[in-house]
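Beneath this line is the structure, given in structure tokens, with notes to follow.
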Amino acid sequence: MSITTVEGVGSIKKRVHPVQERLAKCHGTQCGFCSPGMVMSIYTLLRNHPEPTPDQITEALGGNLCRCTGYRPIVESGKTFSPSREEKMCTKLYNEDEFQPLDPSQEPIFPPELIRMAEDPNKRRLTFRGKRTTWFMPVTLSDLLELKASYPEAPLVMGNTAVGPGIKFNDEFYPVFISPRGLPELNLMNTTDNGVTIRAGQSLAQLNDTLDSLISKQPKDKTKTYQALLKHLKTLAGAQIKNIATVGGHIYSRPNFSDLNPILAAGKTIINVASKEGGSFSLTEGERQIPLNGPFLEKLPEANLKPEEVILSVSIPYSAQWQFVSGLRLAQRQENAFAIVNAGMSVEFKEGTNTIKDLQMFFGSVAPTVVSASQTCKQLIGRQWDDQMLSDACRLVLEEIRIPPDAEGGMVEYRRTLIISLLFKFYLKVRRWLNEMDPQKFPDIPEKFASALDDFPIETPQGVQMFQCVDPKQPQQDPVGHPVMHQSGIKHATGEAIFVDDMPPIDQELHLAVVTSTRAHAKIISLDVSEALACPGVVDVITAEDVPGDNNHGGEIFYAQSEVICVGQIICTVAADTYIHAKEAAKRVKIAYEDIEPTIITIEQALEHNSFLTSEKKIEQGNVEYAFKHVDQIIEGEIHVEGQEHFYMETQTILAIPQTEDKEMVLHLGTQFPTHVQRICVCSIKGPKEQDRLPHEKSWRSIWGQVTKPALLGAVCAVAANKTGRPIRFILGRSDDMLITAGRHPLLGKYRIGFMNNGEIKAADVEYYINGGCTPDESEMVIEFIVLKSENTYHIPNFRCRGRACKTNLPSNTAFRGFGFPQATVVVEAYIAAVASKCNLLPEEILCVTWGLLLVLGQLIGSSVVQDDFIDISDEYLAGLSDHASAVKSVVSFSKLAQSHSHRGAVIREINMYKRTSKTAFKQTFNPEPLRRCWKECLEKPSFFARKKAAEEFNKNNYWKKRGLAVVPMKFSVAVPIAYYNQAAALVHIFLDGSVLLTHGGCELGQGLHTKMIQVASRELNIPQSYVHFSETSTVTVPNAVLTAGSMGADVNGKAVQECLPDSSGPASTHHQEKTLKESGEEWVKKAFEESISLSATGYFRGYQTNMDWKKEEGNPYPYYVYGAACSEVEVDCLTGAHKLLRTDIFVDAAFSINPALDIGQIEGAFIQGMGFYTTEELKYSPKGVLYSRGPDDYKIPTVTEIPEEFYVTLVRSRNPIAIYSSKGLGEAGMFLGSSVLFAIYDAVIAARKERGLRDIFPLNSPATPEVIRMACTDQFTDMDSQR
């Protein structure tokens, strides 16, 4: 075996490989944690296909996860190797001329000595013996059978995709492993007159190639089973899994979610096994055969393999001429997700008829094993393939396959509906096939049903990214405004960027494992750690008794002592010489509990028990109660928006190093708020404050993921290091990280809206409640942000909003990208949609509304525009209006578009949107002109109304698939309403060789903050970027730094960097103005040094002077707003609940972008993260507060196949004089724009419901999972299940 890692592909010291270079230069890295995996996927593809197609690139990346970039630039970097690539960019974010050429002849070859070893006829069995296990690698089939006879309970390990997870997550133990990988007898394939025999050792990737070849060579009617298998293999897993998982292993493990086994069973596959018997070998294939059928899949004893038997191969017969085979599945996302329900079905007819001769139906994920609907199939033999048969089949299969109400995984009603929905799809497929066999005898399905036959295709995404051009007069070396590569991009791509866990082990280092509460609310009766202390390698167990300082800081408890208040609360930690020893010992800690009532899990329960973390926050304007008495209509509703897991690629990782002198403690960790970590750790260990320092090592976390949690975990780690006196490495596994750190606050919104029949909203009374969890964390600030941002882009003259954070027995939710805005504004857009559904405005009514708007605007600008037929106003006339008439331009333009086709949601948004300089409900003045521009462009450039009309035409012609469009506007606030949180500091050293060392208090979260600061320094010093070097953020260099949050990192730190660099006064600046570094290298630096002028400077930015007076309900909480709009189009499968994002257009007011590549990357990444939040990402808790979603198997963030097929992003130019270089902070704004996908889905669902005669008003809850979508599209199948 020869393994090439990302370091072997290329490195900065030797040679950066073209794959690594292009990933970095195409801006495909942000945090960099996933970048090595992306590099290896593309590199592996190129080794096999030097000129890959776009589809191959997308498939190769399908097994990778990224939380930052939104995938588009990663795919773009791969497409640069594709000769058929079409250039889609109107303005390039990279220069292809800088790329190294790819030369396949220079790649490393497989070591010849390993080839010779593999082909050596005299090679011997390899044996590896450890302390607890033995690993055998047989070299012949007879050797394998002998080993299996000697060790019948030993698992066969080839891909280890089944055994490995069992060991890691289920504490399974095996004293012996047998690995037959590489045996030629297990890696062959042969065809016969009856079908194909696939050897058990073939990987799923090899199976894919084998089937592909067979399908191309054999008649179509003989390969129906192979076609069904091949279709499922495309979405079964990523390339990494398919390359190692084997056919035999998949069949033998028989997972209940298997996508292949139901199809193999439907195709009547035979398993060929062998074993050593009576001292001789039974090697004749077929000596013992096991049908891969219901009894085998259901693990009945009589159908099982014997312990000593080995699967040699599987024989998959050709399909008969009058046989049809199909595989169907539905999962939370299109690829790399276990099926919620899957099926393999086969029907064979008597020749020339539609009379059923044989029928097979197998379903997965509906029981502990794959199950066969054998009784149903028997009763349908001899029936005609018609609608009555379908009705009876649905009834029978629901009677035969029963899912208990408490079934693992839940979704019982949905899964039962899926069973018959998939059966209906199969019915339609067979009807279409019969029609193709004999069009005269068998009528085709209705054309409106045809779209139900096909799954959504996986397309390679494409798009355009548009941004402002740099002024041609700008100096060539000035990088501001250019799409500069992330300063760590190459290091990310080569794997040379150092994360905390990459730091080498330290002498006497210990590893820490946590012991967490299993109860949501209980007293700790006893804590017994004796067994843990006796375990090998254990040095100590740390409890609350070992905290020398405060164990409770501001309500945040480091170690639970007498009471636990959530599942996942840390009770104690185990320090051991290895993580494995620490983890094993942690399992042996014994805790006795006594439950305490009440246990509060949900917001509704908190309201019932009056359980809150904060007092009420409120803003109000106008006379709300009076307005409600004078409106035409009033609607009320509730919206639930569930939480979100950060799912950063690198879990929480901390390295604490106690120093031998002066009681210092050095911590390396990832955080957005080093000062907070330092302060909390000092309080926990009571060290001298002037001697405790906390460096912040380069380590990214998901935006809003690391404000407060690193402080709590840092204190836990610091206490352990303090007690043991040894370095502590503390790395949370994914499961523990998700359990302990929580994430975005779930929200319940209640609204009461009063409006006129023309759609104008006159009054709104909105209440927000968030699930804060068991301790305060950031919940008070989150609810404040929610209330302050509750208007979004709409002016409602009589408006009241109230909000409170609920206290529950869940882990404390915390700061997350968007900070409440993504949840709260869904409620706003939901009630806008509800108003729209009540105001069935015709085009003529739109004209009346527009006329009224123009009357008001005309009076304001002194224009006579309203005296004319404004619909016939020429573009030339509009162009001649003053800038102050921009609102008139927008209204007229909107009216022209809207006349062609009425879309109520867009109309209601337009009617109620801010249109001129105004005051918010908390009396802050702002100018919405950039909002109007974004909104106008988002309607015009994507051709929203024309596409909406086309979607409605599509919906008329398709019953089971529907398309929906939505456009949402955004007014997002930047920074924090507390002024001292907006300050920043920086430090610059200029060395005698002319180089510059820069550092500041901001934290690199993958957003390119350090890159932008280098650009700022380069411009201010008038030197090339290559002269400027960055030193990682540390409390040693920049003390008391505030949090990097609120999208203000570049704003405030950029101002601080500006402050430390030469300006118009001072001796150093005089030298700098006379001769720049570029002009004379070291001369002016040397001269300044010789004149004893300091070449080191600190810069300090006092910050935006924001404020909010909650008693008066007014203030200036935000320095400025980021405006934007997004338009998304989706297609929904009404039978399964799956959806496909066809296109997204985003327009964001960026003012002047310091680095368009980074800003577009932030917008795209935030949008995809938001899209996941609103669609696929679902956190599930038990009624007792136990988190079920604790890993990638259960929690589905978007993959490359979920991003829009067409993805367009435009940075809209404006001015923002308050910020550095007139820029704007864009790190979070795109998150909410992902809701355009949510509302597009609901637009499609409404179309389906209308066609079925249902109300178009229904709960617009988030996320819109396949379950939510399917059950909202009520039909005969949902009704059939609900009646049972």
Using a strict 4.0 Å threshold on nitrogen-to-oxygen distance, state whether [X] and [Y] make a salt bridge.
X: Lys1012; Y: Asp1159; answer: yes
X: Asp1149; Y: Arg933; answer: no
X: Glu910; Y: Arg932; answer: yes
X: Glu496; Y: Lys491; answer: no
X: Lys936; Y: Glu940; answer: yes

Where the side chain of [X] meets the backbone of [Y], is there a donor-acceptor pair that is under 3.5 Å apart?
X: Gln100; Y: Val16; answer: yes
X: Ser1018; Y: Ile1023; answer: yes
X: Gln1058; Y: Glu1020; answer: no
X: Ser82; Y: Gly78; answer: no
X: Glu1205; Y: Leu1141; answer: no
X: Gln468; Y: Ser1153; answer: yes
X: Arg817; Y: Gly1227; answer: yes
X: Glu937; Y: Trp935; answer: no

Could you walk me through whether Leu965 and Phe944 pass the side chain to side chain contact (heavy atoms under 4.5 Å, CB included) check? CA-CA 8 Å; Leu965 277 85; Phe944 171 74; 3.9 Å; yes
Are [X] and [Y] linked by a side-chain donor-acceptor pair shorter than 3.5 Å?
X: Thr999; Y: Ser1031; result: no
X: Thr460; Y: Thr58; result: yes
X: His486; Y: Thr29; result: no
X: Thr1106; Y: Asn982; result: yes
X: Ser11; Y: Thr494; result: no
X: Asn1022; Y: Gln477; result: yes
X: Gln1162; Y: Gln30; result: yes

Could you tell me the separation between the [atom1] atom of [X] and the [atom2] atom of [Y], rounded to the nearest 0.5 Å?
X: Phe1147; Y: Thr1210; atom1: CZ; atom2: OG1; answer: 4.5 Å
X: Ile1146; Y: Leu1211; atom1: CD1; atom2: CG; answer: 10.5 Å
X: Ser973; Y: Tyr1120; atom1: OG; atom2: OH; answer: 10.5 Å
X: Lys1055; Y: Gln983; atom1: NZ; atom2: CD; answer: 15.5 Å
X: Leu931; Y: Lys915; atom1: CG; atom2: NZ; answer: 9.5 Å
X: Phe99; Y: Phe81; atom1: CZ; atom2: CZ; answer: 8.0 Å

With sequence neighbours excluded, residues passing salt bridge (Lys or Arg N to Asp or Glu O under 4.0 Å) with Glu1206: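 So Glu1206 forms no salt bridge (Lys or Arg N to Asp or Glu O under 4.0 Å) with any residue.
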In this structure, is the centre-to-centre distance between the rings of [Y] and [X] below 6.0 Å?
X: Phe1152; Y: Tyr1221; result: no
X: Phe972; Y: Phe821; result: yes
X: His1010; Y: His1000; result: yes
X: Tyr1104; Y: Phe1101; result: yes

Hey, are the side chains of [X] and [Y] touching, using non-hydrogen atoms and a 4.5 Å cut-off?
X: Phe1207; Y: Glu1164; result: yes
X: Ser1128; Y: Phe1167; result: yes
X: Ser77; Y: Val19; result: no

If you count every heavy atom of other residues, nucleotides or ligands that lies below 6.0 Å from [X] atom [atom1], does the total exceed 12?
X: Arg1215; atom1: CZ; value: no
X: Gln476; atom1: CD; value: no
X: Phe991; atom1: CZ; value: yes

Apply salt bridge (charged side-chain N to carboxylate O under 4.0 Å, His left out) to Asp1145 and Arg947, showing your working. CA-CA 13 Å; Asp1145 297 77; Arg947 285 169 53 213; 3.8 Å; yes
Exercise: identify the closest heavy-atom pair between [X] and [Y]:
X: Asn1216; Y: Ser1223; value: ND2-O, 2.7 Å
X: Thr1011; Y: Met485; value: CG2-O, 3.5 Å
X: Cys1060; Y: Val988; value: SG-CG2, 3.6 Å
X: Pro18; Y: Leu102; value: CG-CA, 4.2 Å
X: Ala493; Y: Val39; value: O-CG2, 3.3 Å
X: Tyr1027; Y: Gly994; value: CD2-O, 3.5 Å

Chi angles and distances behind the side chain to side chain contact (heavy atoms under 4.5 Å, CB included) call for Met1048, Val976: CA-CA 9 Å; Met1048 63 181 179; Val976 181; 4.0 Å; yes
Candidate list Thr80, Leu61, Val75, test side-chain contact (heavy atoms from CB on, under 4.5 Å), partner Ile42, passing option: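 Exactly one option meets the side-chain contact (heavy atoms from CB on, under 4.5 Å) with Ile42, and it is Leu61.
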Aromatic plane relationship, Tyr1121 with Tyr1118 - under 30° parallel, 30 to 60° tilted, over 60° perpendicular: perpendicular
Yes or no on side chain to side chain contact (heavy atoms under 4.5 Å, CB included) for Thr1033 and Glu1004, after CA distance, side-chain angles and deciding distance? CA-CA 8 Å; Thr1033 305; Glu1004 177 63 58; over 6 Å; no
Between Glu76 and Arg22, does the side chain to side chain contact (heavy atoms under 4.5 Å, CB included) criterion hold? Intermediate values first, please. CA-CA 9 Å; Glu76 189 71 29; Arg22 297 187 195 188; over 6 Å; no
My understanding is that only residues two or more places apart in sequence, or in another chain, count here; which of them pass ring pair (Phe, Tyr, Trp, His ring centres under 6.0 Å) with His27?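 Result, ring pair (Phe, Tyr, Trp, His ring centres under 6.0 Å) vs His27: none returned.
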